[in-house]
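Inspection log for the structure reproduced underneath, given as structure tokens.
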Protein chains: 2
Amino acid sequence: MYVRATAKMVADRAGVSPTTVSRVLNGKVEAISEMTADRVREAAEALDYRPNSLAVSLRKGSTATIGLIIPDIADAYFHQIARAVEDAARPEGFAVILCNTDREPERELFYLDTLREQQVAGVVFAGGGVNDDEHLRGRDWAGANVVLIGPHNLELPSIGVDNRAASIAAVHHLSEQGCTRIACIGGQPKWAIHQVRLEGLRQGLADIGEELDPELLWLGDFGLESGYDSVDAAMENGREFDGIVAFNDNAALGAIKALRKHGRSIPGDVAVIGFDDLPIATVVEPQLSSISFPRREFGETAARLIIQMARHEDVEAPGLFPFELKARASSLVAGVPA
Amino acid sequence: MYVRATAKMVADRAGVSPTTVSRVLNGKVEAISEMTADRVREAAEALDYRPNSLAVSLRKGSTATIGLIIPDIADAYFHQIARAVEDAARPEGFAVILCNTDREPERELFYLDTLREQQVAGVVFAGGGVNDDEHLRGRDWAGANVVLIGPHNLELPSIGVDNRAASIAAVHHLSEQGCTRIACIGGQPKWAIHQVRLEGLRQGLADIGEELDPELLWLGDFGLESGYDSVDAAMENGREFDGIVAFNDNAALGAIKALRKHGRSIPGDVAVIGFDDLPIATVVEPQLSSISFPRREFGETAARLIIQMARHEDVEAPGLFPFELKARASSLVAGVPA
DNA sequence: TTGTATGCGTTATCAA
DNA sequence: TTGATAACGCATACAA
């Protein structure tokens, strides 16, 4: 049976007190004789001593752990954020706890509680904004060190982009390509992300003298099947449209699949643009136009903020990140410029 | 400032000792008067008391946490496993710590150490099998509760599939489709996953009276670009082949992209089959044939094994999972059956 | 320059 | 049926 070495064992071996061991290994006090320090380090080495992080955390009142709450790690949008969070946390000695909520409010609450029990240094909360965040309002967030990624209706530090402007840009782009009957594949009305993008969409349409035909607003769950079903149903019902703004790439991909099934050419008959700019966007045929967000920076920044908070350092203001419209074959009616 | 309630605070409020609080809330002893128990529960409720899991773990010597070590959460193959691990852990009260290694041996070691420091209940180690696992041999695994997913050269409980047979099946499939010059997009020679799949490939070729042309064995890093570059280079060099077995879907997708660039039709000129059966496989055009693994079961089973070990329960033998060859348009030369 | 004593919050042992 | 005490491993205030 494997037994971990403790500070006391190191102390005994080095012929000093556990206090001294702690001091040497943490470099707390400069006033330690080199000889003693060497003996301690030697003993620690020999015993392969590692401080029990549980004990350290209990003593210090906080762990070197970041909770990451996302809807679904299996969603390409979030795993890039997750990766970035972990990459930023690792060199700082922080671990990342993975929490998938499927956007279920109870699960969000469950994890918020669980993570607090675990005394995490902070929580990165991405992709929430569910149900107007009712379930999260009025919570006592004191000392919780939460950073949000994406639109929420909460008074907490958050990083994100101007989704409204992004949505407007998408509509203008399709308009420039000659689209006049623009459809929208959204999420759920209660999702903040849906609300703000829809608002932008309506504004964009207004800019070009159009408005959203209620029959061309299709709600879904941001899944590929959901996008497919929306378009499939619309075609079955004889809806007319020449452009689609999908509020995420998964839905856009599903839409393309359905359009193809119904013999529509893309972008000739229907131009399509999504949100997220997932890696697949450049793999599929035609390549998918999309609004791109700096997901890695989202994750890195969020992690960095948490760590700064945990260390009681001055915390930089997150601010708004830029988006980029990647025009590709799926929406370039005149063809892709060489 | 938010202050957590402690067992002592609950005890004071209920007019009992912390010991009693612990007993009531953990249901340890039946011999507790209902009245006392009620008072304790009431006080706990009122104070929103949650046991400090750090203290509990320190006392008990183990946390309710599972370490998940994978090459890259941004890889579609692993995030499904990750999701399954988390789904299996959550209802049992276990949290999951995410660790990305990029298959770097030092990082694998780093995380193994870190996780041990954190007293995790166990470690799910997926996608390793790097460098003949030299760096992991001779380690003291006692009490580490490790479960491996995928091929490794280590004497530890592992779950996986018969990759050799899967590879053979892939070759036989292409052969049935009329392919005679079969190329291979592999990983790195030191990866166990590469070794075993390559062995199967050679066997499959032998079965049909062929053998692997060294010029048709292309090594890479399982990335999309890597698959693209391999095929692109091969075409530039005038290599002749009518079938490709890619050891993962990412590489297969890259290969298809390169084939298309060079004007080759799929599967007419070149039939392609991959491994992993990623969700994208059915989204791209043509749909990608692939060897499918029950990734969710991998993750669920691994998590369950860890939890059983942590609870000192009898541990089921993991065993071998079945694979399935999904024949789709990218390899069905005669077209997809209706 | 180093050691002793104390406490972080919990649970297990023993005694009452 | 309940409580006092000790211990998990560490870091800190204080003493020497």
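In this text the structure is predicted, and so the values were computed from the model without any measurement. Chain A is the first sequence line, chain B the second, and so forth, proteins listed ahead of strands; every chain is numbered from 1.
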Here the distance between atom P of D:dC10 and atom CD of B:Q119, to the nearest Å, is 9 Å
Spacing between A:Q118 atom CD and C:dC8 atom P, to the nearest angstrom:
21 Å
What is the distance, rounded to the nearest whole Å, between atom CD of A:E34 and atom P of C:dT2?
10 Å
From D:dT12, D:dT1, C:dT2, pick the nucleotide closest to the side chain of A:R59?
D:dT12
Looking at A:E313, I'd like to know if its CD atom is crowded, meaning that more than 12 non-hydrogen atoms belonging to other residues, nucleotides or ligands lie closer than 6.0 Å.
yes
What is the separation between atom CG on A:L25 and atom P on D:dC10, rounded to the nearest whole Å?
10 Å
Decide, yes or no, whether a salt bridge links A:R311 with A:E92 under the criterion of side-chain N to carboxylate O below 4.0 Å.
yes
Could you check whether the side chain of A:R23 and the base of C:dG3 have a donor-acceptor pair of N or O atoms closer than 3.5 Å, going by distance alone?
yes
For the residue pair A:Q119 / B:R4, report whether a side-chain donor-acceptor contact shorter than 3.5 Å exists.
yes
So if I take every side-chain heavy atom of B:A7 and compare against D:dC10, D:dA11, C:dT10, which nucleotide ends up nearest?
C:dT10
Are A:N26 and D:dA11 close enough that a side-chain N or O sits under 4.0 Å from OP1 or OP2?
yes
Given DNA chain D, 5'-ward residue of the pair B:A55 and B:G15, judged by closest heavy atom
B:G15
Expressed as a whole number of angstroms, how long is the span from B:D38:CG to D:dT1:P?
14 Å
At under 4.0 Å between heavy atoms, what does A:V21 touch on the DNA or RNA strands: base, sugar-phosphate, or nothing?
nothing
Examine the base of C:dT4 for any acceptor or donor lying under 3.5 Å from a partner atom in the side chain of A:T19, and report the outcome as yes or no.
yes
Of the nucleotides C:dG9, C:dT11, C:dT2, which one has an atom closest to the side chain of A:T36?
C:dT2
Taking 4.0 angstrom as the limit, do A:E45 and A:R41 come out as a salt bridge?
no
Whole-Å gap separating P (D:dA7) and CG (A:L58)
17 Å
Between NZ of B:K60 and C1' of C:dA12 the distance, given in whole Å, is 11 Å
For a quick check of understanding: with a heavy-atom distance under 4.0 Å over all strands, which category does A:S57 fall into, base, sugar-phosphate or nothing?
nothing
B:T20 vs D:dG3: side-chain N/O to OP1/OP2 distance below 4.0 Å
yes
Is there a side-chain polar atom (N or O) of A:S33 under 4.0 Å from OP1 or OP2 of C:dT2?
yes
salt_bridge(B:D133, B:R137) N-O dist < 4.0 Å
no
Integer-rounded Å distance: D:dC8 P and A:R4 CZ:
14 Å
